[in-house]
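Some notes on the structure that comes next.
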Amino acid sequence: MNILIVEDELEIAQLIRETLERESFVCQIASDGLAALEIFKRQQPDLIILDLMLPKLDGLEVCTRIRQNPTPKDPYILMLTAKGEEIDRVIGLSTGADDYLVKPFSPIELVARVRALLRRSLRHGVQSKNIYQTQHFTVDLDRHIATRNLENEAEETLELTTLEFNLLSTFMSYPGRVWSRNQLIDKLWGNDFFGDERVVDTHIRRLRKKIEPDTANPTFIKTVVGVGYKFEDSQQ
Ligand code: CA
């Protein structure tokens, strides 16, 4: 897997490279937007870690240009932003970024995000079913969009964080399956998770707020006492 790191702060760029090379990724560094586009054209990386504030061309512009000229190997783009730095524009992801990370971040967090994105790309290769649909919800993994199905074929986009999106996709990949907290952690964080498994409960609570009509009596995400959680909804 080839990763292009676009970051003008050399220390950060090298830290990212060391972190990813420890995980056996092959990395290149570009320190401004124009250099990034040059390397992108020559090397066709699988994933681009793209800082927002860059000399010459900023990250949003680089992202837009890459998405405007689709290549056979459409790279995943992970945006880096400093806190408060136009996060809204990045979160909107209208530029075509797949995910974003706010600085400062830990190496563990970075590796988890990179792995999650590349897992998605591997999945593209082996199966074409990138949409999960139940009676009330649709998750489109390619477009990274989750929607609530309304009557008359209308739909309402759910505003989910990446974690909530991954949680919902995991549930919808196997309705009715009971997941332990540890199994959900494996799915969402991979092997890089260190911490209290109760962190799952926090994300379940947030996701319920966004999808349940009554969070006190959940219809879709059910607690299975002593085990974990399951998702229930009729199949379409
Ligand atoms: Ca920068």
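Read the numbers this way: they start at 1 and go in the same order the structure lists the ligands and their atoms. No hydrogens, no waters, no symmetry mates; every other heavy atom, side chains included, goes into these values. Predicted model only: the values in this text are computed from it and were never measured.
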Item to check | From CA spacing to verdict: ring pair (Phe, Tyr, Trp, His ring centres under 6.0 Å), F171, F220 | outcome: CA-CA 10 Å; F171 278 132; F220 305 112; over 10 Å; no

Checklist entry - How about N149 and T138: does a side-chain donor come under 3.5 Å of a side-chain acceptor? => result yes

Next on the checklist: Any carboxylate oxygen within less than 4.0 angstrom of a Lys/Arg side-chain nitrogen, looking at R22 and E18?
Outcome noted: no

Item to check | Atom CD of E156: over 12 foreign heavy atoms under 6.0 Å | outcome: yes

Next on the checklist: Ignoring waters, how many N, O or S atoms from the protein are under 3.0 Å from the Ca ion (ligand 1)?
Outcome noted: 3

Next on the checklist: Looking at every non-hydrogen atom in both residues, tell me the closest pair between E109 and L101 and how far apart they are.
Outcome noted: OE2-CD1, 3.9 Å

Item to check | Positive for side chain to side chain donor-acceptor pair (under 3.5 Å) with D201, one of H203, R205, R198 | outcome: R198

